[in-house]
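These figures come from a predicted structure and were not determined experimentally.
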Amino acid sequence: MSTPLYQLKAEFFKTLGHPVRIRVLELLSEREHGVAEMLRDTGVEPAYLSQQLAVLRRANMVVARREGTAVYYALTSPQVADLLMTARTILSGVLAGQAELLADLRAPVPREKTP
């Protein structure tokens with residue numbers, strides 16, 4: 001019996017459920033990056049970045065290529081970049097709504113006049 005699509009989607013989104021993996025995917029949305037660049041841009045330890053890249057490789061979201069001693073990563077699909085942009089758009093809308101609510105909560109409450 002094959003795995004239901006909703007279960008595969010859940011696994012896909014679970015892969016995206018880590019800040020370092022999201023940051024790596026954002027970097028790779030711009031262009032191919034070497035590991036040294038990603039270390040600098042993410043600010044994490046080499047072993048930790050390696051772990052997160054391995055998760056993304058297993059999920060077939062990134063592909064690696066070796067050039068001498070350097071390793072470079074790229075997205076396997078430009079649609080991953082589209083997904084990240086869609087998430088940004090959704091979050092912008094959510095946060096804008098929350099900012100409006102916060103402004104309403106912070107607004108002074110008019111006092112009722114007593115006769």
Side-chain angles (χ1 to χ4, degrees):
M1 184 171 185
S2 65
T3 307
L5 184 56
Y6 62 86
Q7 194 168 354
L8 292 172
K9 286 180 183 179
E11 289 299 317
F12 174 80
F13 282 109
K14 199 181 326 180
T15 300
L16 295 175
H18 193 283
V20 172
R21 292 194 290 264
I22 293 292
R23 182 65 183 131
V24 165
L25 292 172
E26 286 175 341
L27 291 170
L28 298 177
S29 293
E30 299 166 3
R31 61 177 171 77
E32 178 182 74
H33 277 69
V35 171
E37 281 182 287
M38 287 190 283
L39 283 169
R40 182 193 67 224
D41 293 342
T42 60
V44 298
E45 296 295 318
Y48 192 61
L49 179 60
S50 179
Q51 273 183 333
Q52 301 313 317
L53 288 166
V55 171
L56 293 171
R57 274 193 320 269
R58 280 192 302 272
N60 293 315
M61 297 180 91
V62 299
V63 63
R65 73 173 178 84
R66 188 171 292 278
E67 192 173 291
T69 59
V71 179
Y72 295 89
Y73 282 85
L75 295 178
T76 55
S77 168
Q79 291 162 327
V80 173
D82 295 342
L83 178 64
L84 293 172
M85 283 305 299
T86 300
R88 178 180 286 252
T89 302
I90 292 168
L91 287 172
S92 292
V94 168
L95 294 174
Q98 289 177 353
E100 290 173 16
L101 179 59
L102 184 58
D104 288 347
L105 289 172
R106 289 185 174 163
V109 179
R111 296 181 154 246
E112 291 185 25
K113 295 182 183 177
T114 55

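Annotation: the span from T42 atom OG1 to R23 atom CZ amounts to 8.0 Å, rounded to 0.5 Å. In this structure, L53 CG and R58 CZ are separated by 11.0 Å, a value rounded to the nearest 0.5 Å. To the nearest 0.5 Å, atoms CD (E26) and CE (M85) are separated by 9.5 Å. Expressed to the nearest 0.5 Å, how far CD of Q51 lies from CD of E45 amounts to 11.5 Å. Between atom NE2 of residue H18 and atom OG1 of residue T15 there is a gap of 11.5 Å, rounded to the nearest 0.5 Å. In this structure, OH in Y72 is found 10.0 Å from CZ in R31, a value given to the nearest 0.5 Å.
Linking Ile, Leu, Val, Met, Phe, Trp and Tyr residues whenever their side-chain heavy atoms come within less than 4.5 Å places L39 and L25 in a single cluster.
Counting all heavy atoms, side chain and backbone alike, E37 lies closest to E32 at OE1-O, 4.4 Å. Among all heavy-atom pairs drawn from V62 and L28, the shortest one is CG1-CD1, 3.6 Å. Nearest heavy-atom pair across S29 and L84 is OG-CD1, 3.6 Å. Looking at every heavy atom in both residues, L49 comes nearest to V35 through CD2-O, 4.0 Å.
Partner of M38 under the side chain to side chain contact (heavy atoms under 4.5 Å, CB included) criterion, chosen from V20, L27, V71: L27.
D41 places a side-chain heavy atom less than 4.5 Å from the side chain of H33.
In terms of modelled atom types and a separation under 3.5 Å, the side chain of T76 and the main chain of N60 share a donor-acceptor contact.
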